Amino acid sequence: MDEEAIRARLASVKEEHGDLDAAIEAIQTGPVFDLLRVQRLKKRKLALKDEISKLEALLLPDIIA
């Protein structure tokens, strides 16, 4: 994967991560609280966070100090 593709994927994943924040907030403050849906969204959000970390690690060069 080249750097441009990594940056594009990173931006996409960060956007989805933010969208999940908004979705979780809306469900939690809405009239009907769906615990199972919130748990699934939080699990997906955690997976996206892991992917963000991996993509950011690919962009940072390994520096041996």
Side-chain angles (χ1 to χ4, degrees):
M1 215 185 238
D2 66 335
E3 186 175 335
E4 186 176 320
I6 293 171
R7 289 187 188 280
R9 177 68 183 150
L10 181 59
S12 173
V13 171
K14 282 185 175 183
E15 182 179 349
E16 185 179 351
H17 187 268
D19 291 345
L20 284 175
D21 266 340
I24 291 168
E25 181 68 26
I27 292 169
Q28 289 177 334
T29 59
V32 178
F33 183 77
D34 185 351
L35 180 61
L36 183 59
R37 187 166 182 210
V38 169
Q39 288 175 334
R40 287 179 178 161
L41 291 174
K42 285 184 176 184
K43 186 175 181 178
R44 173 70 181 144
K45 186 178 165 197
L46 184 59
L48 290 173
K49 184 178 178 184
D50 289 343
E51 186 175 352
I52 288 169
S53 295
K54 288 176 186 175
L55 291 169
E56 287 176 341
L58 290 174
L59 292 174
L60 296 175
D62 289 336
I63 300 174
I64 300 173

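All values below were derived from every heavy atom in this structure, side-chain atoms included, with hydrogens, water molecules and symmetry-related copies excluded. Just so it is clear, the structure is predicted and the values come from calculations on it, not from any experiment.
In the hydrophobic clustering of ILVMFWY residues, with side-chain heavy atoms under 4.5 Å counting as a link, Phe33 and Leu41 come out together. Residues Leu46 and Leu35 are members of separate hydrophobic clusters, defined by side-chain heavy-atom contacts under 4.5 angstrom among Ile, Leu, Val, Met, Phe, Trp and Tyr.
For the atom pair NZ of Lys49 and NZ of Lys14, the computed distance is 12.5 Å after rounding to the nearest 0.5 Å. In this structure, the separation between CG on Asp2 and CZ on Arg7 is 11.0 Å, given to the nearest 0.5 Å. Distance check, rounded to the nearest 0.5 Å: CG of Leu55 to CG of Asp50 gives 11.0 Å.
Residues His17 and Glu51 fail the side-chain proximity criterion, which asks for heavy atoms closer than 4.5 Å. Looking only at side-chain heavy atoms (C-beta outward), Glu15 and Ser12 stay at 4.5 Å or farther from each other. Between Asp21 and Glu25, every side-chain heavy-atom pair lies at or beyond the 4.5 Å cut-off.
Shortest non-hydrogen contact noted between Asp34 and Ile27 is N-CG2, 4.0 Å. Contact record, Ile24 with Val38: CG2-CG1, 4.3 Å, taken as the closest heavy-atom pair.
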